[in-house]
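Right, one structure below, let's go through it.
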Amino acid sequence: MYRYDEFDREFVTSRVAQFGDQVERRLAGEITEEQFKPLRLMNGVYLQLHAYMLRVAIPYGTLSSRQLRMLAHIARTYDRGYGHFTTRQNMQFHWPALADIPAALADLASVEMHSIQTSGNCIRNVSADHFAGAAADEVADPRPYAEILRQWSSVHPEFIFLPRKFKIALTGAERDRAAIKTYDIGLHLKKDAEGRLGFAVWVGGGQGRTPLLAKKIRDFLPEQHLLSYITAIMRVYNLYGRRDNKWKARIKILVHETGAEEFARQVEAEWEKLKDSELKLADADIRAIEAYFAPPLLVDRPEGDEAVRLARLDSKSFSDWLDRNVFTHRHPDYASVTVSLKAIGETPGDISDSQMEAVADLAEKYGFDEARVSHEQNLVLPHVARADLKAVYDELVEIGLATANIGLITDIIACPGLDYCSLANARSIPVAQEISRRFASPERQADIGELKIKMSGCINACGHHHVGHIGILGVEKKGAELYQVTLGGSGDENASLGDIVGRGFGPDEIVDAVETIVDTYLAIRADKSETFLQAYRRIGPAPFREALYGREAKAA
Amino acid sequence: MKILAANRLRDGEAVWFSTERGWVRRIAEAEIALDKEAEERLAAAGQAGKRDNEIVDPELIDIEIVDGSVRPIRLRERIRAAGPTIRPDLGKQARPDFSAAA
Ligand code: SF4
């Protein structure tokens with residue numbers, strides 16, 4: 001894992017001291033809210049409906065046990081005993097008092113964590129595939145490059161006041177588990193014909209009010225040009241991005257209005273001036289960062305196969321969990337385990353302090369001290385010997401985190417919505433909980449197969465509803481909650497935006513509507529192997545509209 | 001009918017204004033403005049609260065009276081007055097002095 005050097009440590013510690021001083025002066029009335037607000041936002045402190053919210057950055061979703069324990073400590077000491085993992089692989093605390101936040105940040109700094117650039121119009125926390133460095137299908141670990149981007153973008157003077165916020169995601173595999181096409185910049189790490197590492201560069205993706213998928217502007221960017229090329233993109237954006245209109249200020253609008261080809265031309269022209277500058281990465285520098293991410297020494301554990309085979313015979317629930325929550329590791333004796341934070345009827349992404357500590361213990365005992373946060377609001381233990389899977393499972397059962405539902409209909413993404421968020425129009429969590437309860441039966445879930453429901457409480461789309469197989473967007477209509485449904489979205493390598501199916505549903509209708517959609521899929525699918533998304537792509541929205549709106553649809 | 005809502009500076013807790021009691025944690029104690037003049041008085045109290053660094057984001061919100069209790073028109077404000085609907089153990093609703101009518 002990356003460890004802070006002197007510079008990082010000094011930077012984070014001095015920022016904590018600086019913000020502590022700002023909070024003190026604010027509480028003493030020496031600075032006004034207008035002066036203070038941008039300062040607190042730069043440090044990840046928001047004000048929500050019931051309290052302040054502190055958003056802690058988890059760079060590329062990677063955590064050590066020590067860091068996960070510290071998050072538990074923050075939850076217990078300064079919050080209400082729990083935290084919430086977001087689709088940006090961050091953790092949010094919903095209840096800290098402003099007066100306590102400097103102390104919380106000092107505690108976080110002691111384990112090399114912070115909340116810098118988790119808000120504001122700057123380059124935000126860089127995210128990556130949660131199986132990075134472990135997945136069998138990966139070309140190389142994308143996290144060293146994410147770390148290079150993190151270092152480069154932290155308080156980068158040129159890019160700290162961009163037209164709007166800016167998000168970068170990386171994947172090192174063909175199968176995109178980081179949803180890179182929904183990002184301002186998505187980087188796909190790959191090898192060229194000569195075996196050199198580089199990136200396909202995607203630009204201009206984003207959700208929110210105007211959802212757009214990213215366009216590929218370069219098929220192969222050699223790795224040493226990462227910073228020079230991204231700088232060129234940022235310069236074009238900084239120059240031409242719409243600062244006059246918040247709703248048009250994201251780079252996606254610029255790319256869309258300029259056209260991807262012309263935008264790429266502008267970037268290439270800018271890059272010509274930069275590519276041989278000091279921004280060109282020396283091979284030694286890349287390899288030095290890479291060394292921090294060297295995989296743990298995975299000793300062969302060939303007894304795993306037999307152990308798993310026997311344990312499967314012994315326990316159906318373990319067997320189901322293996323099938324759903326365990327992912328292929330590049331070392332055949334190992335596996336990556338997804339710890340579902342979607343127990344039936346619970347809040348997606350929420351985890352208690354003691355659960356965090358228990359997962360930290362598991363990571364320490366069986367997982368080389370490492371955990372990951374996925375953008376789908378689950379935790380991952382990336383390197384677990386197959387021989388230890390049963391032990392890990394048994395301990396997860398103990399703490400209520402062994403739900404076998406990854407990728408199934410109850411593995412729902414939901415933003416905090418109107419239960420916490422001051423921007424929300426409608427609640428997300430209770431709807432997610434009700435859907436989860438409605439489809440609680442493991443047999444029914446298995447029969448339905450892969451189906452991703454994603455839900456947001458407002459058009460900002462933190463819950464990625466545009467790319468949900470079933471997307472749900474909460475809106476406010478005449479003072480009441482209303483839920484709009486989209487179908488056929490997907491955030492993977494074959495990304496697509498969902499189509500609005502028709503008029504919205506009230507809070508007491510939405511779960512029935514989801515059930516109608518699911519039943520329609522079950523009736524029309526070619527056979528059990530055809531997933532919801534495949535069936536939708538084959539047939540389109542008509543049967544779903546018919547089922548949801550009946551005669552109404554025919555008349556229209 | 002309107003009341004004045006805000007968040008307390010120190011801890012962000014939702015509060016409402018009452019001339020008698022100042023910034024109160026229970027919506028039941030909020031002062032109700034029945035006319036324009038009273039609304040302006042509340043708005044001025046909001047500005048004063050901001051100036052004195054007691055609260056942030058003061059905002060006049062619409063309410064109705066239901067069974068003798070204050071009930072905000074918008075769900076957002078009702079949730080603010082009680083706490084997250086999915087965690088009845090947290091927020092104002094978890095306190096002994098909470099009146100469910102809000
Ligand atoms: S989508 Fe809207 S309601 Fe949900 S967390 Fe984001 S801003 Fe809040």
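A quick note: this is a predicted structure, and the numbers were derived from the prediction, not measured. Within every chain, numbering begins at 1; the chains are lettered A, B, ... in the order of the sequence lines, protein sequences first and strands thereafter.
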Run the numbers on A:W95 and B:L90 for side-chain contact (heavy atoms from CB on, under 4.5 Å), then give the verdict. CA-CA 10 Å; A:W95 302 91; B:L90 294 177; 3.8 Å; yes
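- For B:E20, the CD atom sits in a loose shell: 12 or fewer heavy atoms of surrounding residues, nucleotides or ligands are nearer than 6.0 Å.
- Only the side chain of A:E34 comes within contact range of chain B, judged by heavy atoms closer than 4.5 Å.
- Geometrically, B:R87 engages A:Y82 in a cation-pi contact defined by less than 6.0 Å to the ring centre and at most 45° from the axis.
- For the atom pair B:R80 CZ and A:D419 CG, the distance stands at 14.5 Å (nearest 0.5 Å).
- Listed options A:Q48, A:R427, A:M53, A:K37 were ranked by heavy-atom pairs under 4.5 angstrom with chain B; first place goes to A:R427.
- Most heavy-atom pairs under 4.5 Å with chain B: of the set A:Q433, A:R26, A:E33, this distinction falls to A:R26.
- Other residues, nucleotides and ligands contribute at most 12 non-hydrogen atoms within 6.0 Å of the CD atom of A:E24.
- A distance-only check finds a donor-acceptor pair linking the side chain of B:R76 to the backbone of A:S422 [under 3.5 Å].
- Of the atoms belonging to A:Y52, heavy atoms from both backbone and side chain fall under 4.5 Å from chain B.
- If you tally non-hydrogen atom pairs under 4.5 Å between each of A:D100, A:I101, A:L98 and chain B, the highest count goes to A:L98.
- Proximity to chain B is limited to the backbone of A:P96, based on heavy atoms less than 4.5 angstrom apart.
- Contact annotation: the side chain of A:Y420 approaches that of B:I86 to within less than 4.5 Å [non-hydrogen atoms, C-beta and beyond].
- For the pair B:I79 and A:H50, the minimum side-chain heavy-atom distance is below 4.5 Å.
- Heavy-atom pairs under 4.5 Å with chain A peak, among B:D57, B:N53, B:I73, B:D89, at B:N53.
- Only the side chain of A:L47 comes within contact range of chain B, with at least one heavy atom under 4.5 Å from a heavy atom of that chain.
- Heavy-atom pairs under 4.5 Å with chain A peak, among B:R74, B:R51, B:R8, B:E13, at B:R74.
- Counting non-hydrogen atoms of neighbouring residues, nucleotides and ligands closer than 6.0 angstrom, the CZ atom of A:R438 exceeds 12 such neighbours.
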